[in-house]
Amino acid sequence: MEQRDYFEEVYEVVRLIPKGRVTNYGTIARYLSLRAGARMVGWAMNGCHNRPDVPAHRVVNSVGVLSGKHFFGEPDVMQRLLESEGVQVKNDKVVDFKKVFWDPAVELAL
DNA sequence: GCGTTGACCCGAA
DNA sequence: CTTCGGGCCAACG
């Protein structure tokens, strides 16, 4: 009806992101086999405000940069949320991104 | 219906 | 290291 299937799937995966963990758009796109690429994930996140629980602050780009921090209203909201969950953020980037990186293809596979 | 933009990713120069 | 180009899809004017 209103939302596309992959939109929901993206929200689903983002919702499943555990606290203190982050993922990136490309990983979600590939996990869902989205040919659209990571861009569609970004657009899906664009409607995240229309969703009940979509921790978009746990979704960052390939380098762990809070690319969408500006869309949270205030640029420091996203960082604060991540730090509140135990994710260290420095210079709008996730510290130990590789450590806090959450891969659905691996975590959900088990 | 076309052109531009968008919270992206990757490869090449 | 930086810069450029291609790709893929959706929404807006």
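First the proteins, then the strands, lettered A, B, ... as listed; each starts at 1.
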To the nearest 0.5 angstrom, please state how far the [atom1] atom of [X] sits from the [atom2] atom of [Y].
{"X": "A/S67", "Y": "A/N61", "atom1": "OG", "atom2": "CG", "value": "4.0 Å"}
{"X": "A/D53", "Y": "A/L16", "atom1": "CG", "atom2": "CG", "value": "11.5 Å"}
{"X": "A/H49", "Y": "A/F71", "atom1": "NE2", "atom2": "CZ", "value": "9.0 Å"}
{"X": "A/R80", "Y": "A/K69", "atom1": "CZ", "atom2": "NZ", "value": "14.0 Å"}
{"X": "A/E9", "Y": "A/I28", "atom1": "CD", "atom2": "CD1", "value": "11.5 Å"}

Identify which nucleotide among [options] has an atom closest to any side-chain atom of [X], counting heavy atoms from C-beta outward.
{"X": "A/A36", "options": "C/dC9, B/dA7, B/dC9", "result": "C/dC9"}
{"X": "A/N24", "options": "B/dA7, C/dA10, B/dC9", "result": "B/dC9"}
{"X": "A/A56", "options": "B/dC9, B/dA7, C/dA10", "result": "B/dA7"}

Please write out each protein N/O paired with an N/O of nucleotides 2-6 of chain C under 3.5 Å, distance rounded to 0.1 Å.
none

Nearest-Å distance for atom pair [atom1]/[atom2], residues [X] and [N]:
{"X": "A/L34", "N": "C/dC9", "atom1": "CG", "atom2": "P", "result": "10 Å"}
{"X": "A/L66", "N": "B/dA7", "atom1": "CG", "atom2": "C1'", "result": "10 Å"}
{"X": "A/E9", "N": "C/dC9", "atom1": "CD", "atom2": "C1'", "result": "15 Å"}
{"X": "A/R35", "N": "C/dA10", "atom1": "CZ", "atom2": "C1'", "result": "16 Å"}
{"X": "A/N46", "N": "B/dT5", "atom1": "CG", "atom2": "P", "result": "16 Å"}

> Is A/V65 reachable from A/V95 through a run of hydrophobic residues whose side-chain heavy atoms are each under 4.5 Å from the next?
Replying inline: no

>> In this structure, would A/L32 and A/V106 fall into the same cluster of hydrophobic residues linked by side-chain contacts under 4.5 Å?
In response: no

> For A/L82, what are the other residues in its hydrophobic cluster, where any two members join if their side-chain heavy atoms are less than 4.5 angstrom apart?
Replying inline: A/V22, A/V60, A/L66, A/F72, A/V77, A/M78, A/L81, A/V87, A/V89, A/V94, A/F97, A/V100, A/F101

I'd like a table of atom pairs between the protein and nucleotides 10-13 of chain B - only N or O on both sides, under 3.5 Å - with the distance next to each one.
| from | atom 1 | to | atom 2 | distance (Å) |
| --- | --- | --- | --- | --- |
| B/dC10 | OP1 | A/R30 | NH2 | 3.3 |

>> Strictly below 4.0 Å, N to O, side chains only: are A/E83 and A/K90 in salt-bridge contact?
In response: no

> Hey, is A/R58 close enough to A/E85 for a salt bridge, meaning N to O under 4.0 Å?
Replying inline: yes

> Base, sugar-phosphate, or nothing for A/G37, non-hydrogen atoms under 4.0 angstrom?
Replying inline: nothing

> Counting any heavy atom closer than 4.0 Å, what does A/N61 reach on the DNA or RNA strands: base, sugar-phosphate only, or nothing?
Replying inline: sugar-phosphate

Under 3.5 Å, which N/O atoms of the protein pair with N/O atoms of nucleotides 2-4 of chain B?
none

> Do any of residues 69-96 of chain A sit with a heavy atom less than 4.0 Å from DNA chain B, and if so which?
Replying inline: A/F71, A/F72

> Applying ring pair (Phe, Tyr, Trp, His ring centres under 6.0 Å), which residue pairs with at least one partner in residues 14-46 of chain A are found, sequence neighbours left out?
Replying inline: none

>> Tell me if a side-chain donor or acceptor on A/T23 pairs with a main-chain N or O of A/D103 at a distance below 3.5 Å.
In response: no

> Is it the case that more than 12 heavy atoms not belonging to A/R35 sit under 6.0 Å from its CZ atom?
Replying inline: no

>> Between B/dA7 and C/dT2, how far apart are the two C1' atoms, rounded to whole Å?
In response: 23 Å

> Do A/Q79 and A/H57 have a side chain donor and acceptor closer than 3.5 Å?
Replying inline: no

